[in-house]
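As the structure lists them, so they are numbered: ligands from 1, and atoms in each ligand from 1.
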Amino acid sequence: MKTPLYTALSQHAEKKPYSFHVPGHHNGDVFFDEARSYYAPLLQLDVTELDGLDDLHHPTGVIQEAEDLLAKLYGADQSFFLVNGTTVGNLAMVMASCGAGDEVFIQRHCHKSVFHAVELAGATPILLETEVDQQLQVPTHVTNETVKQAIAQHPHCRAIVLTYPNYYGHAADLSELVQMCHEAGILVLVDEAHGAHFVLGGDFPPSALSYGADVVVQSAHKTLPAMTMGSYLHVQGDRIDAKRVKTLLTMLQSSSPSYPIMASLDVARAFVEKMKKGSLDGLMSGLEELKEQFRRIPHIEVVESDSLSTDPLKCVIRSTRGLTGYELKRILESVEVHPELADEHQVLLVFGLGQMREVPFPAIEHALQQSDAVLSKVKHRHEKMAVLKDDRQWQGVEAVPFERAEGRRSAESVIPYPPGIPLMIKGERIKVDQINTLSRLLGHHVHVQASQVIQQRKLYVYIEEETL
Ligand SMILES: Cc1ncc(COP(=O)(O)O)c(C=O)c1O
C-alpha cells in the first residue's frame with residue numbers, strides 16, 4: 001500500500017538528519033526532559049518543508065501524490081489534506097460558494113463552524129429546521145419537503161449546507177434532495193465530519209460524494225485512525241470552483257502545517273484502502289458483538305433510531321433506571337471509560353474501525369450498581385424556516401435575565417460543547433424552550449461556550465429599535 005508522504009518522512013527520519021531548521025525542538029534534540037518520553041518518536045516526523053517533503057499549499061511532490069491517492073479512493077475530482085479540522089474545510093467550502101448578500105440554506109442544527117463561515121462570507125443564512133428522531137430525541141436531517149418549500153421561497157439561493165450524518169450517525173437518503181438542489185442551481189455542500197469511513201461501503205451508509213454532493217468535508221480524525229485536526233476536503237463536478245476552494249484553504253490554514261498530522265492523513269487513507277480491498281465481515285461482526293456486550297449490561301439499553309439508517313461505529317446507550325445521559329457518562333468516567341458525549345437522555349460511544357482493547361465491563365457494572373436517579377424529558381420545537389440578520393442592523397447589545405430574554409434576538413451563539421451545535425444562534429429570536437434547555441444544561445454543569453453572563457442566568461441580546 002503506497003504512503004508517499006509518510007514514507008518520505010520516515011525515510012528522512014531514518015537518516016538521523018541534523019536540524020538547523022524550525023521547529024525549535026530540532027527533531028527532538030531540544031525538549032523539556034520530563035515530557036520527552038511521550039513525544040520523542042513523533043518529534044522525528046515533525047519537520048518543515050524540506051527538500052523532497054513538498055509543500056501543502058503548492059504541492060507538486062509527495063503531498064500531491066498522497067492527495068491524488070485520496071481523491072482516487074473517495075471518487076472525488078480533487079481532494080485536499082486539512083490540518084485545521086473540518087472547521088477550516090467548512091469555512092473554505094462556504095466562502096468559496098457564496099459571497100456578500102447571497103442567500104444560503106443552512107440546516108439549523110449544524111456545527112458552529114458553518115455559522116462562522118456564513119458570517120465571514122457575509123451571506124444571508126436561511127435556517128432549515130431539522131427533523132427530530134423520536135427514539136433518541138436528537139436532530140437528524142432536513143426533509144425533501146422542507147428543501148422544496150425553501151427553494152420555492154428563495155429561488156436564487158446559492159448553496160445548501162447539510163450535516164450528514166448527524167453526530168449520532170443517523171444518515172438520511174440524500175439522493176432526491178441533491179437532485180432537487182442541482183436542478184435549482186444550488187450547490188450542495190456537505191459537512192460529513194462523522195462519515196470519513198462511509199467510503200468503505202458494506203453496512204456503512206452511502207457517502208455524500210456518492211449522492212453527488214459538490215463539496216464534502218470529513219474529519220478523518222473522528223472516525224479514521226488519524227491525528228486530531230486531520231481532515232479531508234473533496235470536490236467533484238464543475239459546479240464548484242475548485243481553484244477558489246484551494247485559494248481559501250491556503251489563506252485560512254497555517255503556513256507551517258503539521259507534518260505528523262498530514263502524514264497521519266496519508267496513512268489513514270492507506271488504512272481505509274487496505275480495509276476496502278478485503279472483507280468487512282470481521283469488522284462488522286466485531287462491532288455488533290461489542291454493541292451486544294453493552295446490551296447485556298444490567299440497567300443499560302442500546303437505543304437505535306427507528307427511522308434512519310445508523311452508522312455501525314456509533315452506539316447510543318441509556319440507563320433504564322432513569323439516570324440522565326450526563327449522570328451515566330460520569331459513572332463510566334469514574335472507571336476510566338470515556339464516551340464521546342452525553343445529552344439529557346443518553347450517552348454516545350464511538351467505536352473504532354478495528355479491534356480495540358478489552359472493555360472493562362465488570363467495572364462498569366459495578367459502578368452502575370452504586371447509582372440511582374431521575375430522568376428528565378425534553379421537547380423539541382418545530383419551525384420550518386428562519387432568516388437570520390447580521391449585527392449591523394442592531395443598536396447595541398445588553399445582558400438581560402433569562403426571564404426577559406424570550407423573543408429577543410440573541411447577540412451571541414450559545415453552544416453546548418460537544419457537540420458544538422448552537423442551542424441559540426447569534427441573530428436568532430430566543431424561544432422559551434431554548435432558555436429552559438440552557439437552564440437544565442447549566443444545572444447539569446454541561447460545558448457551554450458563551451459569555452460568562454450565562455452563569456448569572458443572563459443572555460446577551462441585541463437592542464432593537466422597538467426595545468429602545
Ligand atoms: C458536524 C461537525 N462538523 C464539524 C465539526 C468540526 O470538526 P473538526 O473538529 O474536525 O474541526 C464537528 C466537530 O465536532 C462536527 O461535529
### Task
Walk me through it: do K112 and E119 pass the test salt bridge (Lys or Arg N to Asp or Glu O under 4.0 Å)?
CA-CA 11 Å; K112 59 181 180 167; E119 190 172 340; over 6 Å; no

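The aromatic rings of H234 and Y232 sit tilted relative to each other, their planes meeting at an angle between 30° and 60°.
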Quick one: ligand 1 N/O to protein N/O pairs below 3.5 Å?
unit_1, atom_1, unit_2, atom_2, d
ligand 1, 3 (N), D191, OD1, 3.2
ligand 1, 3 (N), D191, OD2, 2.5
ligand 1, 10 (O), T86, N, 2.8
ligand 1, 10 (O), S219, OG, 2.8
ligand 1, 10 (O), H221, NE2, 2.7
ligand 1, 11 (O), T86, N, 3.1
ligand 1, 11 (O), T87, N, 2.9
ligand 1, 11 (O), T87, OG1, 2.6
ligand 1, 14 (O), K222, NZ, 3.0
ligand 1, 16 (O), H194, NE2, 2.8

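Scanning all heavy atoms of the two residues, the minimum distance from S113 to L91 falls at O-CD2, 3.7 Å. Contact record, V350 with K222: CG1-O, 4.4 Å, taken as the closest heavy-atom pair.
Ion pairing between E273 and K276 fails under the 4.0 Å rule for side-chain N and carboxylate O. No salt bridge links R269 with E65; every basic N to acidic carboxylate O contact stays at or beyond 4.0 Å.
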